[in-house]
Protein chains: 2
Amino acid sequence: MTTARNPEQTRERILHAAFEEIHIHGFQGMRIEHILAATGLAKGALYHHFENKQALGYAVVEEVIQEHHASTWREPLLAATDPITALQTLLRSFTERHSKEEILRGCPLNNLVQEMSGLDEGFHQRLRQIYVDWSATIADALAAGQRNNIVRTDIDSESVAMFIVSSTQGLLGAAKCMQSTATLQRLCNTLADYLETLRA
Amino acid sequence: MTTARNPEQTRERILHAAFEEIHIHGFQGMRIEHILAATGLAKGALYHHFENKQALGYAVVEEVIQEHHASTWREPLLAATDPITALQTLLRSFTERHSKEEILRGCPLNNLVQEMSGLDEGFHQRLRQIYVDWSATIADALAAGQRNNIVRTDIDSESVAMFIVSSTQGLLGAAKCMQSTATLQRLCNTLADYLETLRA
DNA sequence: CTGTTGACAGACCAACTGGTCTGATGTCTA
DNA sequence: TAGACATCAGACCAGTTGGTCTGTCAACAG
């Protein structure tokens, strides 16, 4: 029997399986064997597409997590005129989109930051970039809102943006620990109340 | 040469070294060998005091992290009459106490929550308890402040308390990722501003 | 049609790691 | 003081894991 080959798809399948593994077990807890089992591939395939475990981890950050964050946060905020309402809507959809099982797995970005940013400079640089981009997106939206008299002008948009990012990560972390959608919902509502205080 | 024995101290030394290891490398990344090297002990000593790696991890949570959090947060809040000022003071001392290297290692509690609460039920239960206690301490202080007309009565003290806890964790996580004391300082100031909006 | 190269399979390996087991020694008690 | 037990030392073991290497076959160029 002959098997059709599709190298690009194979690479994507490995990336996706590695993302799942990292999401659940962390990078150090990720096992090459698990990825092979999930994809049905052999080691030859994996080590043909990725030099080693570290390179695979870096690729997951760059090609999966970064992309996911950009599409989830950047595009809606760029399209919105009222950044506060847009953020509140994003938070609400966030709550609705996540089941209890997904909450328990936590935010992939937050997980990796806590695990790896102090251990590996390559991870640290890549994760930091996602934070910076994410925060800058919110800061730009807030600054635009200030120019349009939607957002209070006496706040520092960059500080507040970073606070929103870090708080959001904190909420997800707390919800992960409490294993409760109700907790996440209450936390998101409280954050939404805070966002309301930023309105001009 | 004879060597004096002090089992309680030996146990404490192991616990402390294990805490350091977990703080830097996480529980999965913690190596028994590193603890032995740090303490100068042999395996016989460690496995005499702790049944296995998991039991050692549990003991670190119960006897080191929980104790540390209780002494850092509970006692100052119980003693204070104005919870908002007390929390702001705690945040400030928090910033001043942490060097850049300590920030990079992150919050031991937050690290473990992100790594283990989805993987091991024993860790999850113990870490969740710390969150619950911490949040309850703040909620009690806020409720007392409401009775004394220091804190707004139109807020839900429990929701806000959990929000403060989760945000604090988020701030530390973001500072860890950004590797910057200045970022932590700005984030703490923004959180302090939020706390100010809770004043009656 | 054929040679070359990319894509993958899977056996194999070396290093690491948590854990065990036996023995030695201190400490405490009867 | 002598036996019992707690407290350790350290050699040893078995399972795991990331990574390598050779071989096979598809895809494509000429």
Side-chain angles (χ1 to χ4, degrees), chain A residues 1-61 63 112 115-116 119-123, chain B residues 1-61 63 112 115-116 119-123:
Chain A
M1 175 193 159
T2 64
T3 310
R5 289 181 176 176
N6 191 333
E8 282 124 29
Q9 193 190 38
T10 299
R11 185 186 152 90
E12 288 299 316
R13 280 168 56 207
I14 295 172
L15 273 177
H16 183 258
F19 169 76
E20 292 290 327
E21 263 283 299
I22 292 175
H23 194 181
I24 297 175
H25 297 100
F27 176 72
Q28 296 181 101
M30 166 181 106
R31 299 293 168 231
I32 301 290
E33 281 297 333
H34 292 180
I35 296 173
L36 301 179
T39 56
L41 294 166
K43 280 197 174 170
L46 192 147
Y47 282 96
H48 174 74
H49 287 282
F50 301 95
E51 191 181 344
N52 50 33
K53 186 183 174 182
Q54 188 187 53
L56 175 56
Y58 288 175
V60 166
V61 174
E63 300 178 40
L112 263 182
E115 180 189 3
M116 295 305 298
L119 292 178
D120 184 286
E121 187 58 19
F123 271 106
Chain B
M1 174 191 157
T2 62
T3 310
R5 287 181 175 175
N6 191 333
E8 281 127 27
Q9 193 189 40
T10 299
R11 186 187 151 90
E12 286 300 316
R13 279 167 57 206
I14 296 171
L15 272 177
H16 183 258
F19 169 76
E20 292 290 325
E21 263 283 299
I22 291 176
H23 194 180
I24 297 175
H25 297 100
F27 176 71
Q28 296 181 98
M30 165 181 107
R31 299 291 169 233
I32 301 291
E33 280 296 333
H34 292 180
I35 297 173
L36 300 179
T39 56
L41 294 166
K43 280 196 174 169
L46 192 147
Y47 281 96
H48 174 74
H49 287 284
F50 301 95
E51 190 181 345
N52 51 33
K53 186 182 174 182
Q54 189 187 53
L56 176 56
Y58 288 175
V60 166
V61 175
E63 301 178 39
L112 264 182
E115 180 189 3
M116 295 305 298
L119 292 178
D120 183 288
E121 187 58 20
F123 270 106

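Throughout, protein chains are lettered first and strands after them, A, B, ... in sequence-line order, and every chain is numbered starting at 1. What you are looking at is a predicted structure, and each value in this text was computed from that prediction instead of being measured. The figures here come from the full heavy-atom set of this structure, side chains too, leaving out hydrogens, waters and symmetry mates.
Where B:Arg5 and B:Gly44 each meet DNA chain D at their nearest nucleotide, the meeting point lying more 5' is that of B:Arg5. Between B:Asn6 and A:His49, the residue whose closest nucleotide on DNA chain C is further toward the 5' end is A:His49.
For B:Lys43 against C:dG18, a side-chain-to-base donor-acceptor contact under 3.5 Å is present.
Between the CD atom of A:Gln9 and the P atom of C:dG6 there is a distance of 21 Å, rounded to whole Å. Rounded to whole Å, atom P of D:dC8 lies 12 Å from atom CZ of B:Arg11. Regarding B:Asn52, its CG atom lies at a distance of 17 Å from the P atom of C:dT17, rounded to whole Å. With rounding to whole Å, A:His25 atom NE2 is found 15 Å from D:dT16 atom P. Separating the NZ atom of A:Lys53 from the P atom of D:dG19 is a distance of 8 Å, rounded to the nearest angstrom. Residue A:Leu36 contributes atom CG, which lies 13 Å from atom P of C:dC8 at whole-angstrom precision. One atom, CZ of A:Phe27, and another, P of D:dG18, lie 9 Å apart when rounded to the nearest Å. For the pair A:Tyr47 OH and C:dC13 P, the interatomic distance rounds to 17 Å; values are reported in whole Å.
For A:Ile22 against A:Gly57, the heavy-atom pair with the smallest separation is CD1-CA, 4.4 Å. In terms of heavy atoms, A:Glu21 sits closest to A:Arg31 at OE1-N, 3.0 Å. Closest non-hydrogen pair, B:Ala59 versus B:Phe50, comes out as CB-CE2, 3.7 Å.
Proximity of A:Ile14 to A:Leu36: side-chain heavy atoms (C-beta onward) are nowhere separated by under 4.5 Å.
Contact between the side-chain N/O atoms of B:Thr10 and the OP1/OP2 oxygens of D:dC8 is found at a separation under 4.0 Å. Not one side-chain nitrogen or oxygen of A:Arg31 sits closer than 4.0 Å to the OP1 or OP2 atom of D:dT16. At the phosphate of C:dA7, OP1 or OP2 sits under 4.0 Å from a side-chain N or O atom of A:His48.
Residue-level contact check: B:Leu46 touches neither bases nor backbone, having no heavy atom under 4.0 Å from any strand.
Here the side chain of B:Gln28 pairs a donor or acceptor atom with the backbone of A:His25 at under 3.5 angstrom.
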